[in-house]
Structures are given as C-alpha cells and as structure tokens.
Amino acid sequence: MTNPFSLLAERWHPSPQHVRRAAMAALVMSVVIVVTGGAVRLTDSGLGCTTWPTCTDGSVTPTPAMGVHGVIEFTNRMLTYVLSAAVGWFILAARCCEPWRRSLTRLGWAQFWLVMSNAVIGGITVLTHLNPYVVSLHMVAALGLVWTALLGWERAKEGDGEPRLLVAPAIHRFAQVLVASIGALALVGTLVTGAGHHPGSAGTPRVSLDYDRLAQAHADLVFLAVGLTLAALLVFAAVKAPPAARARVRELFGLLLLQGVLGFVQYFTDAPEIMVGLHMLGAAVIWAAALRIPLALRTRAGIPAQAAAPSAELVA
C-alpha cells in the first residue's frame with residue numbers, strides 16, 4: 001500500500017545536510033514564535049482578535065475597526081502557519097532522506113502535534129480572556145516545542161545507535177539537574193510575567209500570587225542556576241569532559257549573566273516592553289543552550305548503511 005509520503009520518498013532524496021537545515025529552520029521558528037507571542041502581550045494585543053478560531057464573530061481576519069491590535073494578534077496567528085511549514089519541511093526531509101531514519105520523523109511529528117496543541121491553547125487564552133494561568137501554559141508548551149525542535153536538530157547530526165556516555169553517569173546526572181534548574185527558572189518566570197505589568201490587554205486578570213515574592217523566587221532560581229553552571233564549568237574541566245560540552249557550559253554561563261542583568265534592569269525600571277521582550281528571547285535561547293549540554297556528554301554510532309521502512313506507514 002502506497003501513500004503520499006512513500007511516493008515522495010521514491011522521487012526525492014534530500015541529503016543529510018538538507019535534513020539538518022530543515023531541522024534548524026524548525027528550531028529557529030520555534031524561538032521566533034516565542035518572541036512574537038510575547039510581542040502580542042507587550043503591545044496589549046492579546047485580545048486584538050476577540051474570538052477563536054476566527055478573529056471576530058463575523059470575520060476570519062481583523063477588521064479596520066480593530067486597529068493595530070487586531071493586526072498584531074492576527075499576524076502572530078499567521079506565523080503559526082510559517083512554523084508549521086518549517087516543521088513540515090523537516091518531516092518530509094527526514095522521511096525522504098536515505099536511509100530513512102525513524103527517530104527523526106518521530107521527532108518531526110512530535111513537533112507538529114505540539115504546534116497544533118499550542119494553537120488550541122492559544123485559542124483558549126483568547127476564549128478565557130487571557131487567563132494568566134492559561135497564558136503561562138501557552139509559554140510552557142512553546143518551550144516544549146523548542147525542546148523537541150532542538151532535539152531534532154541535534155539528532156540530525158548523530159547516528160541512530162545506542163547512546164554511549166563520554167563521562168561518568170554522575171556527571172551526566174549533574175548536567176540533567178542543571179537543565180532542571182533552568183526549566184524551573186523558566187516556569188517561575190511565566191508566573192512572574194502573569195503577575196506583572198503586562199497583562200496583554202486592559203482589565204485582564206492577573207496571577208493571584210504576590211508579584212514581589214514571585215520576583216524574589218525567580219531571582220533565587222537565577223542564583224541557583226548560575227551557581228550550578230559555574231560548578232559545571234569547574235567539574236567538567238576537572239574530569240576532562242568533551243570540549244563541546246565545556247564550550248556549551250561556557251555559552252550558558254555567559255547567557256545567564258546577560259539574562260540576569262536584563263532581569264534586574266527590567267525589575268527596577270518597571271518592566272519596559274523592550275526589556276521584557278528581550279528577556280523572553282533570552283529565556284528561549286537559554287533553555288535551548290541548557291538542553292544541549294547533556295547531549296554533548298554522550299555519543300551515538302554512525303547512521304546505519306540502510307534502513308527498512310514499511311511504505312504504508314505515514315508516521316515514523
């Protein structure tokens with residue numbers, strides 16, 4: 001039994017480099033959608049379109065009466081299609097590359113379903129008039145997409161053999177703890193934003209927790225993450241961890257310091273929009289940088305010489 005995927009795979013054989021470029025496009029767009037989603041909130045355009053999946057009850061697109069807020073919100077919705085196209089490119093390239101790598105197409109489809117589910121969550125944020133907890137979930141799902149897209153990009157550069165650690169298991173677990181601390185930092189950051197100065201539209205509800213206490217908890221997690229990253233720098237040097245892993249820890253340390261400066265300036269200047277937008281970009285980039293560290297502590301065997309795939313399968 002044939003299907004569009006198998007028919008295309010018979011006629012198009014992209015190179016592994018092409019697959020990596022497609023994976024990178026999906027990763028870049030997953031970060032871009034975080035930033036543009038933040039721009040919607042920071043411009044008070046969260047309810048620029050008053051309903052979902054249409055923009056208004058009587059129009060799919062924004063009307064002139066809705067002004068610039070409708071245009072901003074609708075543009076962000078349209079960027080979801082650009083993101084979907086990038087993910088689709090990765091799925092097709094991974095499926096048609098020879099040999100077919102089941103692991104890559106699975107990651108591609110995981111990205112697709114994350115995009116679709118987050119589009120629904122985005123719709124729910126509008127229907128609930130920007131409930132701050134739903135908005136936070138929207139951000140968390142977006143960071144989940146960044147995670148999956150990064151994994152797709154990294155896996156496109158590896159083989160499909162069993163992972164083999166290049167350091168002691170305890171060192172790898174320490175790297176995972178570091179990633180968990182960055183995840184906790186991002187999670188609390190979404191709550192700080194939900195209690196802060198930019199609700200996304202006038203009169204929308206805010207997180208009921210105290211803003212100053214949330215900001216302090218967020219700052220405490222920053223100190224924890226910076227401390228763990230500094231410890232990783234020393235530990236990785238002591239155990240002679242792979243150079244790539246040490247380089248990634250240095251990158252994370254620099255990004256955390258920059259993000260910390262941005263965060264403190266943002267707090268003491270009443271969170272100007274441009275600073276918050278840069279902070280959201282930094283959160284996505286730091287999350288990706290942290291995730292890359294454990295991946296540099298292990299290796300996989302080269303891509304197999306051939307891969308058999310039942311042609312009837314639509315999803316790997």
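- Trp287 places a side-chain N or O within 3.5 Å of a backbone atom of Leu143 that can act as its donor or acceptor partner.
- When Thr148, Leu151, Val146, Leu83 are each tested for a side chain to side chain contact (heavy atoms under 4.5 Å, CB included) with Gln111, only one passes: Thr148.
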Exercise. Show your reasoning for whether side chain to side chain donor-acceptor pair (under 3.5 Å) applies to Thr36 and Asn76.
Key: CA-CA 6 Å; Thr36 59; Asn76 185 61; 2.8 Å; yes

Exercise. For side-chain contact (heavy atoms from CB on, under 4.5 Å), just list the numbers for Val19 and Leu104, CA-CA rounded to whole Å, side-chain angles, deciding distance to a tenth of an Å, and then say yes or no.
Key: CA-CA 9 Å; Val19 176; Leu104 289 187; 4.0 Å; yes

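- In this structure, Met29 and Val82 have side chains that are in contact, with non-hydrogen atoms separated by less than 4.5 Å.
- Taking both residues in full, the closest heavy atoms of Leu166 and Ala296 are given as CD1-O, 4.2 Å, listed atom of the first, atom of the second, then distance.
- Other residues, nucleotides and ligands contribute at most 12 non-hydrogen atoms within 6.0 Å of the CZ atom of Arg213.
- Classified by interplanar angle (parallel below 30°, tilted 30° to 60°, perpendicular above 60°), the ring pair Phe112/Trp109 is perpendicular.
- Scanning all heavy atoms of the two residues, the minimum distance from Ile182 to Ala225 falls at CD1-CB, 3.7 Å.
- Tyr267 and Tyr211 have parallel rings, their planes meeting at less than 30° on a 0 to 90° scale where 60° marks the start of perpendicular.
- The closest donor-acceptor contact from the side chain of His13 to the backbone of Ala9 lies under 3.5 Å.
- Checking side-chain atoms of Thr193 against main-chain N and O of Gly189 turns up a donor-acceptor pair under 3.5 Å.
- Side-chain contact between Leu281 and Val34: absent, with no pair of heavy atoms (C-beta onward) separated by less than 4.5 Å.
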Quiz item: Do Val28 and Val31 pass the side-chain contact (heavy atoms from CB on, under 4.5 Å) test, and can you show the C-alpha distance, the side-chain angles, and the key distance before you say yes or no?
Solution: CA-CA 5 Å; Val28 169; Val31 174; 6.0 Å; no

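- Under the side-chain hydrogen bond (donor to acceptor under 3.5 Å, both in side chains) rule, His138 has a single partner from Thr190, Thr125, Asn118, which is Asn118.
- Here the side chain of Arg20 pairs no donor or acceptor atom with the backbone of Trp153 at under 3.5 angstrom.
- You'll find the side chain of Cys55 stays beyond 4.5 Å of the side chain of Val60, heavy atoms only.
- Considering every non-hydrogen atom in both Thr43 and His69, the closest pair reads O-CE1, 2.9 Å.
- For Met66 against Cys49, the heavy-atom pair with the smallest separation is CE-CA, 3.7 Å.
- Judged purely by atom type and a 3.5 angstrom limit, Arg246 uses its side chain to pair as donor or acceptor with the backbone of Ala241.
- Within 6.0 Å of atom CD in Gln17, more than 12 heavy atoms from other residues, nucleotides or ligands are found, so the atom counts as buried in its surroundings.
- In this structure, the side chain of Arg11 does not engage the main chain of Leu8 through any donor-acceptor pair within 3.5 Å.
- The pair Glu10-Arg95 does not count as a salt bridge, with every side-chain nitrogen at least 4.0 angstrom from each carboxylate oxygen.
- Using a 4.5 Å cut-off on side-chain heavy atoms (C-beta onward), Pro205 and Tyr133 make no contact.
- Heavy atoms only, all atoms of each residue included: Gln259 and Leu278 are closest at OE1-O, 4.3 Å.
- No side-chain heavy atom of Pro132 sits under 4.5 Å from any side-chain heavy atom of Thr204.
- Using a 3.5 Å distance cut-off with no hydrogens or angles, the side chains of Gln216 and Asp220 do pair a donor with an acceptor.
- Inter-residue side-chain proximity for Met280 and Arg41 is flagged as unmet; no heavy-atom pair is nearer than 4.5 Å.
- Two residues are said to be in side-chain contact when any heavy atoms from C-beta on lie closer than 4.5 Å; Arg292 and Glu154 meet this criterion.
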Exercise. For side-chain contact (heavy atoms from CB on, under 4.5 Å), just list the numbers for Met116 and Ser84, CA-CA rounded to whole Å, side-chain angles, deciding distance to a tenth of an Å, and then say yes or no.
Key: CA-CA 9 Å; Met116 293 300 103; Ser84 298; 3.7 Å; yes

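- Defined by atom type and a distance below 3.5 Å, a donor-acceptor pair is present between the side-chain atoms of His18 and Trp89.
- Tested against Asp160 for a side-chain hydrogen bond (donor to acceptor under 3.5 Å, both in side chains), the candidates Arg102, Arg300, Arg155 yield a single pass: Arg155.
- In terms of modelled atom types and a separation under 3.5 Å, the side chain of His172 and the main chain of Leu297 share no donor-acceptor contact.
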Quiz item: What do the steps show when you test Arg77 against Val126 for side-chain contact (heavy atoms from CB on, under 4.5 Å), and what is the final call?
Solution: CA-CA 12 Å; Arg77 292 187 184 189; Val126 174; 3.8 Å; yes

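- Minimum heavy-atom separation, Ile293 to Phe236: CG2-CE2, 3.9 Å.
- Between the side chain of Thr56 and the main chain of Ser59, a donor-acceptor pair closer than 3.5 Å is present.
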